[in-house]
Every structure is written in C-alpha cells, then in structure tokens.
Amino acid sequence: MQSESRRRDIGLGSLQAVSLADAREAALLIQEKIAQGIDPVVERKRGRQVIPTLRKRPLTAA
C-alpha cells in the first residue's frame with residue numbers, strides 16, 4: 001500500500017489461516033479505505049489500543 005508517498009506493508013494473515021479469496025477481499029477493502037483518505041495502518045492501531053477500565057470486583061454480601 002502507498003499512502004502520502006510512503007510505502008507500507010500490511011499483513012493480511014498467515015497463508016494457513018487466510019485463503020487467497022479472503023486475502024484478495026481484504027486487499028480490496030484496504031484499497032477502498034485508502035481511496036477514502038483513511039490510513040488502514042493507523043486505523044488498525046487504533047483498534048488494538050487497550051482502553052483502561054475499572055477492574056471487576058467480586059460481589060460480597062454486606
């Protein structure tokens with residue numbers, strides 16, 4: 001993929017896990033995002049960010 005004159009590679013999954021048809025479909029979706037001005041690498045990183053939450057505490061009878 002090339003975005004803002006920078007070449008970037010995006011992994012679509014291992015050969016054993018992703019069929020050729022699925023890889024082609026994923027590549028098309030990535031190309032569509034690029035055409036819309038969306039950076040798929042940045043979008044993927046945002047999706048992987050962990051949002052801190054409160055730890056669940058066990059309920060105790062009072």
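With rounding to the nearest 0.5 Å, the separation of CD1 in I30 from CZ in R44 is 6.0 Å.
Within 6.0 Å of CZ in R24 there are 12 or fewer heavy atoms belonging to other residues, nucleotides or ligands.
Considering all non-hydrogen atoms of both residues, G13 and V18 come closest at CA-CG2, 3.7 Å. Taking all atoms of both residues into account, the shortest heavy-atom contact from L12 to A26 is CD2-CB, 4.0 Å.
Under a hydrophobic-cluster definition in which Ile, Leu, Val, Met, Phe, Trp and Tyr are linked whenever side-chain heavy atoms come within less than 4.5 Å, directly or via other members, I34 and V41 are assigned to the same cluster.
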